[in-house]
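For reference, the structure is listed below as C-alpha cells.
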Amino acid sequence: MSLVIDDVLVRNDPLGRRLPILFDSPHSGRVYPQDIRFACPLGLLRHAEDSHVEELFASAPDHGATLLCALFPRVCIDVNRAVDDIDPALLDDSWPVPLNPTGRSAVGAGLIRSLLRPGLPLYDGKLSVADVEERIGRYYRPYHSQMSQILDGLAGRFGAVWHVNCHSMPSVLGPSVLGLSSSSAAEPLLADFVIGDRDGATSEPGFVQLVADTLRGYGYRVALNNPYKGVELVARYGDPARGRHSIQLEINRRLYMNEETLERHDGFAALKAAIDSLIGRIAAYAADRRLSQAAE
C-alpha cells in the first residue's frame with residue numbers, strides 16, 4: 001500500500017514481506033509552490049535539492065522497507081530543522097510563541113531558508129507570519145506525522161525499527177553548508193559517504209558499523225559524524241534505548257551527477273547498484289536482529 005499527499009509527500013510501502021526499516025528522503029522534492037515568490041530563478045533554486053536521492057533508494061520497498069519522500073523543495077520549508085528554528089529577522093511581525101533560532105538560521109539555512117548561498121537571498125523582503133505558519137501546516141506537520149506513524153507502527157509491531165535519513169552533499173563545502181560565517185573558506189569534501197548518528201546518540205553502534213563496513217567494502221571512503229552529525233529527523237526519532245535506531249546518510253554528489261547541471265552522469269548506475277546492495281544488507285541485518293531479539 002502506498003500513500004500520496006499531492007505536492008507534499010509520497011510513501012511507498014513494501015508489496016511483500018514487511019521489515020522494520022524506513023528510508024526517508026526529505027530534500028529531494030522539486031514541486032515548487034506557485035504561491036511562493038522566490039527572488040532566485042528556478043535553475044539556481046534547484047541547487048539546494050538533494051537531486052535524484054529518491055531514485056537511488058527506489059528499490060527499498062523491494063527489500064521489505066518503507067520509503068518516504070518529500071515532494072516539496074527544502075527551500076520552501078526544511079523538515080530536517082526544528083519547527084522553532086526561525087530567524088525573527090525574516091518575519092514581518094512577531095511570532096506568536098518564543099523562537100529558538102540556531103546557527104543554521106544565522107546563515108540562512110533554518111526552518112525557512114533565507115539564503116541560497118552567502119550573498120544570494122531567496123526573497124526580496126520579509127515573509128508574513130501567516131505565510132510561514134501555512135507552510136508548517138501544509139508541509140512540515142504532514143511529513144513529521146508520517147514519520148511518527150511509520151516508525152511507531154513498525155516499532156510496535158516488531159519491537160525495534162531501523163531508520164536511514166537519506167541526503168546528498170556537495171563535493172565542496174561552503175560556509176552555509178557548515179553553518180559558518182561567509183568569511184570561512186570552502187573546502188573539498190574527501191568522503192564519499194558521511195554517516196551521522198549524533199556521536200552515538202541516535203543508533204546502536206552495530207547498525208552504524210554495518211553501513212560503514214558495507215560501503216567501505218565497495219571501495220568508498222566513509223566518514224562518521226564529520227562534518228555531518230545528523231539534524232532534526234535523526235535527533236527526534238532516534239532513541240536506541242527504545243529500539244529506535246536512526247542514522248543520517250550523506251552521499252557525495254560528484255559520485256553520480258554533474259553538480260552544476262544536476263544531470264546524472266555515468267557513475268549513477270554503479271552507485272545505485274551499490275545502494276541496492278546496501279539496502280539488502282540492511283534488510284538482512286534487521287531480520288537477523290529481530291530473530292536474535294525474539295530468541296532472548
Side-chain angles (χ1 to χ4, degrees), residues 1-13 21-38 45 48-50 53-54 57 65-88 90-102 104-105 108-114 122-123 126-156 161 163-167 198 202 230-239 242 244 246-248:
M1 179 179 180
S2 296
L3 170 71
V4 177
I5 301 177
D6 288 345
D7 300 340
V8 177
L9 60 83
V10 57
R11 188 193 75 217
N12 293 311
D13 298 322
I21 305 168
L22 169 65
F23 291 86
D24 88 289
S25 178
H27 291 161
S28 56
R30 52 183 180 273
V31 179
Y32 286 80
Q34 294 184 356
D35 58 346
I36 297 180
R37 296 185 178 181
F38 294 104
L45 288 174
E49 297 173 13
D50 284 350
V53 166
E54 81 287 1
F57 289 89
T66 303
L67 176 64
L68 178 68
C69 301
L71 298 177
F72 56 91
R74 71 189 298 187
V75 292
C76 172
I77 190 167
D78 192 341
V79 294
N80 201 26
R81 300 289 185 263
V83 74
D84 58 359
D85 190 359
I86 301 173
D87 180 3
L90 182 62
L91 304 174
D92 68 353
D93 203 349
S94 298
W95 195 250
V97 296
L99 294 174
N100 185 31
T102 67
R104 295 182 181 87
S105 279
L111 177 76
I112 303 296
R113 195 160 181 162
S114 60
L122 285 173
Y123 305 100
K126 294 180 181 290
L127 301 180
S128 71
V129 169
D131 177 27
V132 175
E133 288 179 324
E134 197 273 339
R135 295 189 204 186
I136 291 172
R138 189 198 305 183
Y139 303 111
Y140 189 95
R141 297 201 188 285
Y143 194 89
H144 279 275
S145 176
Q146 279 298 307
M147 289 285 298
S148 296
Q149 289 179 40
I150 295 166
L151 292 170
D152 288 348
L154 291 174
V161 63
H163 164 224
V164 181
N165 181 224
C166 308
H167 297 267
R198 298 184 68 84
T202 64
V231 194
E232 181 69 12
L233 286 162
V234 297
R236 183 184 297 198
Y237 298 108
D239 189 353
R242 297 175 58 222
R244 297 165 184 248
S246 290
I247 62 171
Q248 178 175 288

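Remember, it's a predicted structure, so these values are computed and weren't measured experimentally. The first residue of the sequence shown is numbered 1, and numbering continues consecutively from there.
No option in Asp35, Asp131, Asp6 other than Asp35 meets the salt bridge (charged side-chain N to carboxylate O under 4.0 Å, His left out) test with Arg138.
The two residues Arg74 and Ala48 make their nearest non-hydrogen contact at CD-O, 2.7 Å. Among all heavy-atom pairs drawn from Phe23 and Cys166, the shortest one is CD2-SG, 3.9 Å. Closest approach of Cys69 to Glu54, counting heavy atoms only: SG-CB, 3.7 Å. Here the closest heavy-atom approach between residue Gln248 and residue Gly230 is recorded as OE1-CA, 3.3 Å. Smallest separation of non-hydrogen atoms from Tyr123 and Arg37: CD2-O, 3.6 Å. Residues Pro73 and Val31 come closest through the heavy atom pair CD-O, 3.1 Å.
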What do the steps show when you test Asp24 against Gln146 for side-chain contact (heavy atoms from CB on, under 4.5 Å), and what is the final call?
-> CA-CA 10 Å; Asp24 88 289; Gln146 279 298 307; over 6 Å; no
- Does the side-chain contact (heavy atoms from CB on, under 4.5 Å) test come out yes or no for Met147 and Val79, once each step is laid out? CA-CA 11 Å; Met147 289 285 298; Val79 294; over 6 Å; no
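Two residues are said to be in side-chain contact when any heavy atoms from C-beta on lie closer than 4.5 Å; His27 and Asp78 meet this criterion. Side-chain contact between Val234 and Ile247 is absent, with no heavy atoms from C-beta onward closer than 4.5 Å.
With Tyr32 contributing its side chain and Val75 its backbone, the two residues share no donor-acceptor pair below 3.5 Å.
A side-chain donor from one of Ser105 and Asp85 sits under 3.5 Å from a side-chain acceptor of the other.
Note on ring orientation: taking the six-membered ring where Trp is involved, the planes of Phe72 and Tyr139 are tilted (angle from 30° to 60°).
The pair Arg244-Asp152 counts as a salt bridge, with a side-chain nitrogen and a carboxylate oxygen less than 4.0 angstrom apart.
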